Amino acid sequence: MENLIKLETEGGVMHHFLPWLIEGFEILAAVIDIAAIILLLIGAARFLTGVTIAEIAKKGAERVRRTNRERIELGRYILAGLELFIVSDVIHTAISLRFADLLFLLMLVIIRSITSFFLDRELEQLKKELGDD
């Protein structure tokens, strides 16, 4: 039973003979995380700007149409950010060599994939409402 609890390893060949490579992958994963966060912040800033302009300058149906376009753009940024986070998580898991990290990655990918699926469905519905293809 204790073996099942301790399904983690101390590292493999890469950890012992190529620690500089592991460090490089850790840095790469951190850069990808930062890029994803920046991408999400850019999307949020663009969304807030677009919605604010729509609320101030537009009236009625045009305001709603403009807001929906901004929602579509924000959704694209969120989907791209989620994809970058998945890449980073795969890198972290590949270099950690721990079973617990693999299970954690599996759960993250499932949650993010479900989120992406439903967000993509919502974006498609908004596009249909707007008449975009």
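All of these numbers come straight from a predicted model, not from anything done at the bench. Hydrogens, waters and symmetry mates are skipped; everything else that's a heavy atom, side chains included, is used.
Residues Ile37 and Leu82 are members of one and the same hydrophobic cluster, defined by side-chain heavy-atom contacts under 4.5 angstrom among Ile, Leu, Val, Met, Phe, Trp and Tyr. Two different hydrophobic clusters hold Phe85 and Met107 under the rule that ILVMFWY side chains link at heavy-atom gaps under 4.5 Å. Leu41 is connected to Val51 through a chain of hydrophobic side-chain contacts under 4.5 Å among Ile, Leu, Val, Met, Phe, Trp and Tyr, so both are in one cluster. Note on Trp20 and Phe25: same hydrophobic cluster, where clusters join Ile, Leu, Val, Met, Phe, Trp and Tyr whose side-chain heavy atoms are under 4.5 Å apart, directly or indirectly. With hydrophobic clusters built from ILVMFWY side chains whose heavy atoms lie under 4.5 angstrom apart, Ile86 does not share a cluster with Leu102.
Remark: Arg66 engages Glu70 in a salt bridge, criterion side-chain N to carboxylate O under 4.0 Å.
Expressed to the nearest 0.5 Å, how far CG of Leu123 lies from CD1 of Ile78 amounts to 8.5 Å. Note: Arg112 CZ to Leu79 CG = 12.5 Å, rounded to the nearest 0.5 Å. Atoms CD1 and CD1, on Ile27 and Ile91 in that order, are 12.0 Å from each other to the nearest 0.5 Å. Atom CG of Leu84 sits about 11.0 Å away from atom CG of Asp89, to the nearest 0.5 Å. Interatomic distance, Leu74 CG to Leu40 CG, rounded to the nearest 0.5 Å: 8.5 Å. We find the CG-CG distance between Leu103 and Leu108 to be 11.0 Å, quoted to the nearest 0.5 Å.
Across all their heavy atoms, His92 and Ala29 have their closest contact at NE2-CB, 3.5 Å. Heavy-atom minimum distance, Leu39 versus Ala80: CD2-CB, 3.4 Å.
When side chains are defined from C-beta on, Thr67 counts as touching Glu55, because their heavy atoms get closer than 4.5 Å.
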Subject >> Chi angles and distances behind the salt bridge (Lys or Arg N to Asp or Glu O under 4.0 Å) call for Lys127, Glu124 >> reply: CA-CA 5 Å; Lys127 287 179 188 177; Glu124 288 301 319; 3.6 Å; yes
